[in-house]
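Shown next, in structure tokens, is the structure this report addresses.
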Amino acid sequence: MLGSHVGLSGKDQFLGSVKEALSYGADTFMVYTGAPQNTIRKSLSDMKIPEAKALMAESGIKEFVVHAPYIINLGNTVKPESFQFSVEFLREELRRTSEMGSRTLVLHPGAHVGEGEDAGITQIIRGINETLDPDTETHIALETMAGKGSELGKTFEQLARIYDGVIHNNKLRLCIDTCHLNDAGYNVKGDFEGVLAELERYFPINQIACIHLNDSKNEQGAAKDRHENIGFGSIGFDRLCAITRMKEFADTPIILETPYMSAEEGGKDRTYPPYREEIAMLRAGVFDPELHKKVVAYYKK
Ligand code: FE
Ligand code: FE
Ligand code: ZN
């Protein structure tokens, strides 16, 4: 399954998300339940969920994932009110995810904001334990992080420590992000098999519930987290394309979060989503160095 992140806004709401995914030729997608950088959310009854589900059923989209907003930080031990807010918001996100028809909510584990790895991980475990209960239907997929700032979850070992502390850890999953793995120091380009072998020291491979497929603007180990378009970064097309063809991931949503491409239009700089062309390129299995030109031409016509 191959798709990209899509928006959720305007009058079409979630129905618009499904339409956007279909316009890219995708058979899966990832969505935020509103703006990724804030926690203002519409009520479920205003999100056009039945309409979106009908369109998915009609067009053969069987699975999609939801991403929690970036500002949730379960690792915060400094501001108790921000931790409590994160816990409550995460509970609502799990409910929204399940109502929308997905079983996977992708979450950045958290950042320790200066208090150190141990304090941060303990707090993340506490937060997840306050969120999950035995009848939670949705899984939380912890995302592998680049290790920028005080981000936690940059190693499989750290993620395993979180799993270890979570009571209902049968409801946890992983989301591996190829750009983040590269930036965290894993050799995605040269030895992805080795990266998976390292992961398997801690987790069975079937814990991977989602893959974020991104190239990286930076070298292995840069701890930066700047995504690049497929084939234009330090990981390169061949590796990323090979991941989309691995039999282990035949039923895993593979999601592009590559940057929009910019071009001047009427004297203004505008940006265009590259996903339709990137998906086509990955499906064809041939790198297209003219991708930018194609994307811009498509949206200008
Ligand atoms: Fe993410
Ligand atoms: Fe990601
Ligand atoms: Zn990222």
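None of these values were measured; they are calculated from a predicted model. Whatever order the structure lists them in is the order used to number ligands and atoms, beginning at 1.
Not a single N, O or S atom of His212, from either the backbone or the side chain, sits less than 2.8 Å from the Zn ion (ligand 3). With 2.8 Å as the limit, Cys179 does not count as an N, O or S neighbour of the Zn ion (ligand 3). With a cut-off of 2.8 Å, the Fe ion (ligand 2) has an N, O or S atom of His212 in range. Contact annotation: Cys175 places no N, O or S atom under 2.8 Å from the Fe ion (ligand 1). With a cut-off of 2.8 Å, the Zn ion (ligand 3) has an N, O or S atom of Asp225 in range.
Aromatic pair Phe287/Phe232: ring centres closer than 6.0 Å. For Phe156 and Tyr163, the gap between ring centers reaches or exceeds 6.0 Å.
The OD2 atom of Asp177 and the OE2 atom of Glu143 meet at the Fe ion (ligand 2) at an angle of about 90°, given to 10°. Rounding to the nearest 10°, we obtain 110° for the angle at the Zn ion (ligand 3) between His180 NE2 and His227 NE2.
The N, O or S atom of His108 with the smallest distance to the Fe ion (ligand 1) is NE2. Of all N/O/S atoms in Glu257, OE1 sits nearest the Fe ion (ligand 2).
Residue His108 is tested with His67, Glu151, His180 for a side chain to side chain donor-acceptor pair (under 3.5 Å); the sole match is His67.
Using a cutoff of 4.0 Å between basic side-chain nitrogens and carboxylate oxygens, Arg161 and Glu117 are scored as salt-bridged. In summary, Glu99 and Arg96 do not engage in a salt bridge, as defined by a charged side-chain N under 4.0 Å from a carboxylate O. Under the 4.0 Å criterion applied to side-chain N and carboxylate O atoms, Glu228 and Lys217 are assigned as salt-bridge partners.
A 4.5 Å side-chain heavy-atom check between Ile208 and Leu199 finds at least one atom pair inside the cut-off.
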